[in-house]
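Everything on this sheet refers to the single structure shown next.
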Amino acid sequence: MISRRSVLKAGAAAGLASALPFASILPASAAGDVLVGVHGETINSLDIHRTGTNRPSYQVAVNCYDRLVKFGIKEMDDGSLSYDYSVIEPDLAESWDVSEDGKTITFTMKDGVKFQDGSPVTAQDVKWSFDRAVTVGGFPSSQMKAGGFERPEQFSAPDDKTFVITLDRASKLAIPDLAVPVPFILNSKVAKANATADDPWALEYVHKNTIGSGAFSVSRWDPGQQIVYDRNDEWHGDLPGVQRVILREVPSPATRRALIERGDVQLSFNIPNKDAKELAEAGLEVYSTPVENSINVVGLNYNFDPFKDPDVRKAVAYAIPYEEIFQTAAYGRGVPMWGSDKVEGTAWPQPSPYYTDLDKAKEHLAKSGYADGFDVPFSIDLNQLDWMEPTALLIIENLKKIGINATLEKIPGANWRTASLVEKRLPLHLEGFGGWLNYPDYYFFWAYQDGKLFNSSNYSNPEIETLVSETLHLPVDDPEWAPKIERMIEVAFEDIPRIPLWQTALNVASNGADGYAYWFHRQLDARTLSVEKD
Amino acid sequence: MRILQAVPVVIGVVIISFVLTRALPGDPAVYFAGAVADEESIEQVRKDMGLDQPLPMQFLYYVGDLAVGDLGRSHSTGQSVAEDLAQRLPASLELTLVALLLSCLVAVPLGVLAATRPGSWVDHACRVLVTTGVSMPTFFTGILLIYIFYYLLGWAPSPLGRLDFMYFEPPKVTGFYLIDSLIAGDPETFFAALKQLALPAITLALFTMAPIARMTRAAMLSALSSDFIRTARAAGLNRSTVLYRYALRNALLPVITTLGMVFSFTLGANVLVEKVFAWPGIGSYAVEALVASDYAAVQGFVLAMALLFVALNLVIDILYTAIDPRIGFGDQ
């Protein structure tokens, strides 16, 4: 483990491993320093702040840019690496001070860190980048808001080394929110030089160019085909183990599987559960990391009469064939989320108290106002058929046994978000959501509060409303926090507007790649990767 | 004349593609606003994309942009549509043309052979072969070929698109890697590109052989039974002269027509082949765009295809006159 990285590092220092030229053919000797990966998605921008930037593109923000602070990395029980939510480490900031009232955070920048064009990283660059993130609107601004960063006036850079954030109120979400991909630091001098009157934030330029201080730069980007990262040998962190990472887009999962099995690529990112199971059985290294904070659920919409009845909701919750679904739709990858005795601490997600029991389901239905059952469409997303279809079919089959007649309704992917999250008009449906900031109150804020985007069930309960707003910004070591969270989970399980099925897993297969680390943004972090020497 | 006739077609395509894309399901503003967008940011995106304007205004903007050659920006790839098409159209065309060439090389002789010996075992074998080819879905043939020639035998290179990751594309002249690499005098890249092309081209060729072979056979049969062939034979011309100079030349017209049709449906059949072989072509591009309600990309695709087919029909007409001088479009 040590040898490879330190040898390469020494090599780089001695100027042995200089940047690879873009010849028409890679020199064979350099092939060992190149890692090839495949994934099935398209990277549509190099700039996470741009309107319409999709999830796969978030990795560019991580691989090519730095932030003020970063999450640590921990080793999991199975030996794989994962980001560590509980540890915040310095990145571009050397240290930070939080004022007594928690409202002013003062960062001191590291010395000698340079952007890739050689100019120093200053507090002014941080200020410009943060102003950009809160001004451009859309997703980046919403994510900044989660940490309490809303307006440019909250940020100031009194000198090159000092950056100050003034918050409207103290919040435990503030510092972790600085470690997510969005508040990345751009080279403001280069950006300003490429800005125009119509485009003051240089969105067009940053869309196609990486101007950060990060571990890599993008040397080639062919949308729909590939992205090529080249290592920045001047990076201030531990140098990545490979000089170049080539990530190819291969839409067909069958082709991706053939490639990784043959060993022509070293990494296959985000593979289907079925392939994960079979490749692991075939002896390949497969990492299946449970995605923190992310569960697949059955949504019961409060705007529709049958589901206003608590007994109907419980009847459905007891009618679901959990284990069968977990094996059929998830191939056993992930963590089961059913059949617990009681609310156990503040861990989230945690198993619900429901389990498969048709007699109980019938009892509840008999008690409800719908003893004779009812008809309801069961909506799923055509783009997520892989897990939604088997899950829905199994549930429909069991619902029939208790007298509820559900019919499968497939909604085209382009309509799904509008129907399920924006208009919230699906009575019975499947849903999956995971929040970046790993706190139960943050999850509840998005998924259980009235009118919030991921609350596709139109759930509303005054007690939850109060509990969420009281806990959201409270530090976790505050004595009030834990009991309130437990109460929150209890209420959610009692009301059960969302029936948890299982916690999803992110599957990555490796055939010769070392150092894969799981990240909450569910994209490839190339910084820790290296190629195994045989 | 023939070119002028194309103008109303193109205008029609512009209008229809605009109206049809607006009829697509889904709200692009919601889609492109991202994962945690609220009402406010969705509205903002709608405004940015010009979707808050009434439809006639949107159409005027679209036509105005078209007039200066701007096809708009694709939100799913983040590139200008014109750029995307310029990059992807050659990839699809190269694949389709090579497949068609391959298919003709096999199917035409096969058709001639079958026609000269109707009812013989050659005829039957030909029928079985082409029927098998056309009855297998292209993605299935593709995966099967990958399984045999790449996964099991290791003869074919990794199915990673137009070039293996070890190579980088030749300087762009035509966009066809086979031609560009030759222009650049880079045989290594030429062979690399050819190797990548082999399996997908064979997959498509297997699929397109049937109509070409069947049409060649039928046209040859009718040519061989016609009066002028009987006369030629009676006059004592030797067999191959009769077959190739007289019969085949006459049979070529319907074959060319079929080729035109085959070309258009091959571009459609490309979609699945492109997915399986990670081929960065226009078919997979259009499908992605449709799924995402990516208006600009869909319109650009439809327009490019319409222009392509107008050009194709022009070429076929010209070929007709070359083969059969009696068809003179110039005189009309």
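Labels below follow one simple rule: chain letters A, B, ... track the order of the sequence lines, proteins then strands, and each chain is numbered from 1.
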Quick one: what part of [X] sits under 4.5 Å from any heavy atom of chain B, side chain, backbone, both or neither?
| X | result |
| --- | --- |
| A:Arg50 | side chain |
| A:Val250 | both |
| A:Glu204 | side chain |
| A:Trp436 | neither |
| A:Ala254 | side chain |

Notebook entry, point to check: Top residue by heavy-atom pair count (under 4.5 Å) with chain A, among B:Gly154, B:Ser284, B:Pro170, B:Ala184?
Noted result: B:Gly154
Notebook entry, point to check: Quick one: of B:Ile146, B:Leu272, B:Leu160, who has the most non-hydrogen atom pairs under 4.5 Å with chain A?
Noted result: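 The residue among B:Ile146, B:Leu272, B:Leu160 with the greatest pair count is B:Leu160.
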Check: Which residue, A:Val38, A:Asp264, A:Thr255, forms the side chain to side chain contact (heavy atoms under 4.5 Å, CB included) with B:Ser158?
Finding: A:Asp264
Notebook entry, point to check: CZ of B:Arg162 to CG of A:Asp222: how many Å apart, nearest 0.5 Å?
Noted result: 11.0 Å
Checklist line | Straight-line distance of A:Lys208 NZ to B:Gln79 CD, nearest 0.5 Å | finding: 4.5 Å
Margin query: Using a strict threshold of under 4.0 Å (side-chain N to carboxylate O), is an ion pair present between B:Lys275 and A:Glu249?
Written below: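 B:Lys275 and A:Glu249: not salt-bridged.
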Margin query: For the residue pair A:Arg262 and B:Tyr150, would you count it as a cation-pi contact if the rule is NZ or CZ under 6.0 angstrom from the ring centre and within 45 degrees of the ring axis?
Written below: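 That pair qualifies as a cation-pi contact.
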